[in-house]
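Heads up: the structure comes next, in structure tokens.
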Amino acid sequence: MKKVITAMKASVKSIPGMQDLIPPQTTKWQGVEARARALFRCYNFEEIRTPLLEETQLFQRGIGEETGVVQKEMYTFLDRGGDSVTLRPEGTASVVRALIQHHFEQRDALVKLFYLGPMFRYERPQKGRLRQFHQIGCELLGSGAPQADVEVMALLDHLVRAVGVKDFRLEVNSLGRRALRQNYLQALVTYLQRYQSDMGAEDQRRLTNNPLRVLDSKDPGLAQIIAGAPVMLDSLSSEDRTHWDSVLLGLNDFKIPHVVNPRIVRGLDYYEQTAFELVSDQLGAQDAFAGGGRYNGLVQDLGGPEMPGVGFAIGVERLLLLVSDQAFQPKSTAFFICSVGDRARREAYRLVQQCRTHELVAETGFEERSIKSQLRRAHKLGFRLVGILGEDELIQGVIQLKDFVRGREERVPLAELTETLAKRLQDE
Ligand code: HAM
């Protein structure tokens, strides 16, 4: 036989750090998203969906010019009209932009919104660190009350436990109000200036422009210096101290386990007062799988009214590293028809369609195959119920029904198939 050699065309791969979500992973994702939606509902949050692309200045103004995200991690480009646009690196700035644009403050004093979706950061990909990743997040705006911080952290804790994650820590800190940080910043700058010569150009610039940002420098050479720096928690104003004490009291009232970590600074400029992260020792270097905090000035920074806010975002990929693969796999409820012969196959198509119109999950094959191979396929694909239809069954107007879970076999009149399937699937 002559061999025909056809040249294989080069295949196209996804961009590094941008993953396909494929089955059965997608089932786990859907499970986690469904739990999140249900809990957001309980806490009275409503969904918001904002565009993936925004004007670049939204993030420059919202997140802060000196942050690592804005300086190095944004997917920013000129669109065909010559405008600078950016793929959203996070959700909070976009939500606040939308809230101002649609005058949410006129609807009610309190605005509670949640979102799910992809975010983009040009980081070096590694386990738990992607360039397109997903967040489940929420924002509560219109209250500066400490109990609002507690509610948001309670929701976060509830959500993470609801998807089966137990081995994590809620770490909390207070960064004080921006307007009341002067004394602390002074002390920080005095301390950091001693080590100025150890700093790279970038951190030296931050020291002048935005000293808090030196504290989340990624320069390993500064780690020890940063570990010895004064912390905000030691210089809180009395107003911030009162807020902080109430937050801790609220967490205790709700019996939410937490630890105070005065080293949390968060990587985004908008935070004031409460800042928190969820960390897990199972995650290695990228140990924070959620983060959030209070932002009192962001709405005004973006041109809106005075409206304090607090929120969080969970990194879904990191969260899912902590969720067992067995979680959220649905019990098989599906029905597969194996048929022999053309007439039976046509009847199988009709029956499958009939099942689907009754919203039962049903499938059959398109090609002629032996019963044995059809049965093997149905079993492999995890179908619970299998119908066998041949010439004899057609004549008698019945189908042989096998239940792989119960190990039961029966002959069911074709006219009663959908009701029988529905009953069998109910009695687990
Ligand atoms: P963030 O800490 O920058 O906060 O991100 C939240 C979570 O997103 C992180 O804890 C992490 O799990 C995940 N994440 C961030 N970057 C990556 C990445 N490159 N790959 C995988 N996962 C990543 C925010 O984004 C704030 N908007 C949260 C917030 C809402 N604060 C107030 N409201």
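Counting convention: from 1, in listed order, for ligands and their atoms alike. Source: prediction; values computed, not measured.
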Sub-4.0 Å heavy-atom contact, Q286 with ligand 1: no
Ligand 1-proximal atoms of R129, by part, heavy-atom distance under 4.0 Å: both
F289 N/O to ligand 1 N/O under 3.5 Å: yes
Parallel, tilted or perpendicular: ring planes of F45 versus F40, cut at 30 and 60 degrees: tilted
Atom CZ of R356: over 12 foreign heavy atoms under 6.0 Å: yes
N261 side chain to E171 side chain, donor-acceptor N/O pair below 3.5 angstrom: yes
Pair Q147-S246, side-chain donor/acceptor within less than 3.5 Å: no
Numbered atoms of ligand 1 (with element) below 4.0 Å of A288, judged on heavy atoms: 10 (O), 11 (C), 12 (O)
Per-residue contact class, A290 against ligand 1 - non-hydrogen pairs under 4.0 Å: backbone
CZ on F254 to CG on D157, rounded to 0.5 Å: 11.0 Å
Min heavy-atom dist G128 to ligand 1 below 4.0 Å: yes
Q126 versus R129, side-chain donor and acceptor atoms under 3.5 Å: yes
Partner residues of Y43 under the side-chain hydrogen bond (donor to acceptor under 3.5 Å, both in side chains) criterion, sequence neighbours left out: H158
Which residue and heavy atom of the protein sit nearest atom 14 (N) of ligand 1, plus the separation: F133 CE1, 3.4 Å
Residue and atom name of the nearest protein heavy atom (relative to atom 3 (O) of ligand 1), distance in Å to one decimal: R121 NH2, 2.9 Å
T242-D245 side chain donor-acceptor pair, cut-off 3.5 Å: no
Greater than 12 external heavy atoms within 6.0 Å of Q186's CD: no
Interfacing atoms of ligand 1 (cut-off 4.0 Å, heavy-atom, T92): 26 (C), 27 (N), 29 (C), 30 (C), 31 (N), 32 (C), 33 (N)
Distance-only side-chain donor-acceptor flag, D203 / S217, under 3.5 Å: yes
Atom 24 (C) of ligand 1: the protein heavy-atom neighbour that sits closest, reported with distance to 0.1 Å: L268 CD1, 3.6 Å
Closest protein heavy atom (residue, atom, distance) for atom 11 (C) of ligand 1: R318 NH1, 3.4 Å
Side chain, backbone, both or neither: the part of Y270 lying under 4.0 Å from ligand 1 by heavy atom: side chain
Proximity flag E317 to ligand 1, non-hydrogen atoms under 4.0 Å: no
Atoms of ligand 1 close to L130 [distance to a heavy atom under 4.0 angstrom, numbered from 1]: 18 (C), 19 (N), 20 (N), 21 (C)
Proximity to ligand 1 by part of V69, non-hydrogen separation under 4.0 Å: neither
Check: Q273/R178 side-chain N/O donor and acceptor closer than 3.5 Å: no
Distance from atom 31 (N) of ligand 1 to nearest protein heavy atom, with residue and atom: Y271 OH, 2.6 Å
F312, portion touching ligand 1 at heavy-atom distance under 4.0 Å: backbone
Nearest option to atom 4 (O) of ligand 1, as decided by whichever heavy atom of R294, E90, R266, K127 sits closest: R266
Per-residue contact class, E139 against ligand 1 - non-hydrogen pairs under 4.0 Å: side chain
G267 near ligand 1 by a heavy-atom separation under 4.0 Å: no
R384 charged N/C atom sitting above F404 aromatic ring, 6.0 Å / 45°: no
Over-ring placement of R181 relative to Y184, 6.0 Å and 45° cut-offs: no
Modelled atom types, side-chain donor and acceptor of T92 and E90, under 3.5 Å: yes
Structural part of Q135 in contact with ligand 1, heavy atom criterion under 4.0 angstrom: side chain
Any N or O of Y295 closer than 3.5 Å to N or O of ligand 1: no
Proximal candidate to atom 19 (N) of ligand 1 [heavy atom criterion; set E73, E123, Q126]: E123
Contact atoms of ligand 1, heavy-atom distance to G292 under 4.0 Å: 31 (N)
Side-chain donor-acceptor pair present, T76, T86, cut-off under 3.5 Å: yes
Atom indices of ligand 1 within 4.0 angstrom of G291 heavy atoms, with elements: 10 (O), 28 (C), 29 (C)
Residue, atom name and distance, where the atom is the protein heavy atom closest to atom 13 (C) of ligand 1: G315 CA, 3.6 Å
